[in-house]
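Single-structure report; data block below.
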Amino acid sequence: MKPKGARAAVRFGFDVLGLPEIVSFTVTGNRRSRAVMERLGMTHDPREDFDHPRLPPGHALRRHVLYRLAREARPISAQGPGQTS
């Protein structure tokens, strides 16, 4: 997902759905997706990384990284016009 669409998805999740947290994941090597998540202010804790349950051991796409963004941690750039957390 491109940054503009990702920002819109975050705003929708927080502002319309009222979610307390947004989570996102991708395969370890997907640098572009990881960069988008980081630009959104999402954080990565390696202790939460996981193996995809439907991919066999040794599969190149098995390992995934998990990113999180809590509503109260949302940067101003990810908020809608005139909003604050």
Any idea which heavy atoms bring [X] and [Y] closest together, and the distance?
| X | Y | answer |
| --- | --- | --- |
| Leu40 | Leu69 | O-CD2, 3.8 Å |
| Met37 | Tyr67 | SD-CD1, 3.3 Å |
| Val27 | Arg34 | O-CD, 4.4 Å |
| Pro57 | Arg62 | N-NH1, 3.2 Å |
| Thr26 | Ser33 | OG1-CB, 4.0 Å |

How far does CD1 of Ile22 sit from CZ of Phe12, to the nearest 0.5 angstrom?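 CZ of Phe12 is found 10.0 Å from CD1 of Ile22.
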Side-chain heavy atoms of Met42 within contact of Glu38, under 4.5 Å: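 With C-beta onward as the side chain, the pair stays apart.
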With the side chain counted from C-beta on, respond yes when His59 and His52 share a heavy-atom pair under 4.5 Å apart, and no when they do not.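 Counting from C-beta outward, His59 and His52 never come under 4.5 Å.
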Check Val16, Asp15, Leu17 against Leu19 for a side-chain contact (heavy atoms from CB on, under 4.5 Å) and give me the one that passes.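 Among Val16, Asp15, Leu17, the one meeting side-chain contact (heavy atoms from CB on, under 4.5 Å) with Leu19 is Leu17.
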Do Arg71 side-chain atoms and Glu21 backbone N/O form a donor-acceptor pair below 3.5 Å?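 Here the side-chain-to-backbone pair does not exist.
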Could you pull out all residues at least two apart from Glu48 that satisfy salt bridge (Lys or Arg N to Asp or Glu O under 4.0 Å)?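 Per chain and number, Glu48 pairs via salt bridge (Lys or Arg N to Asp or Glu O under 4.0 Å) with Arg68.
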Once salt bridge (Lys or Arg N to Asp or Glu O under 4.0 Å) is applied, do any residues pair with Arg47, and if so which ones, sequence neighbours excluded?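 In terms of salt bridge (Lys or Arg N to Asp or Glu O under 4.0 Å), with neighbours along the sequence ignored, Arg47 is linked to Asp45.
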From the options His44, His64, Arg63, select the one residue that forms a side chain to side chain donor-acceptor pair (under 3.5 Å) with Asp49.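 Single side chain to side chain donor-acceptor pair (under 3.5 Å) partner of Asp49 among His44, His64, Arg63: His44.
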Determine, stepwise, if the pair Val65 / Phe50 fulfils side chain to side chain contact (heavy atoms under 4.5 Å, CB included). CA-CA 7 Å; Val65 292; Phe50 64 96; over 6 Å; no
Could you go through Arg74 and Arg11, starting from their C-alpha distance and side-chain angles, then the distance that decides it, and tell me whether this counts as side chain to side chain contact (heavy atoms under 4.5 Å, CB included)? CA-CA 10 Å; Arg74 174 171 59 160; Arg11 281 193 301 270; 4.2 Å; yes
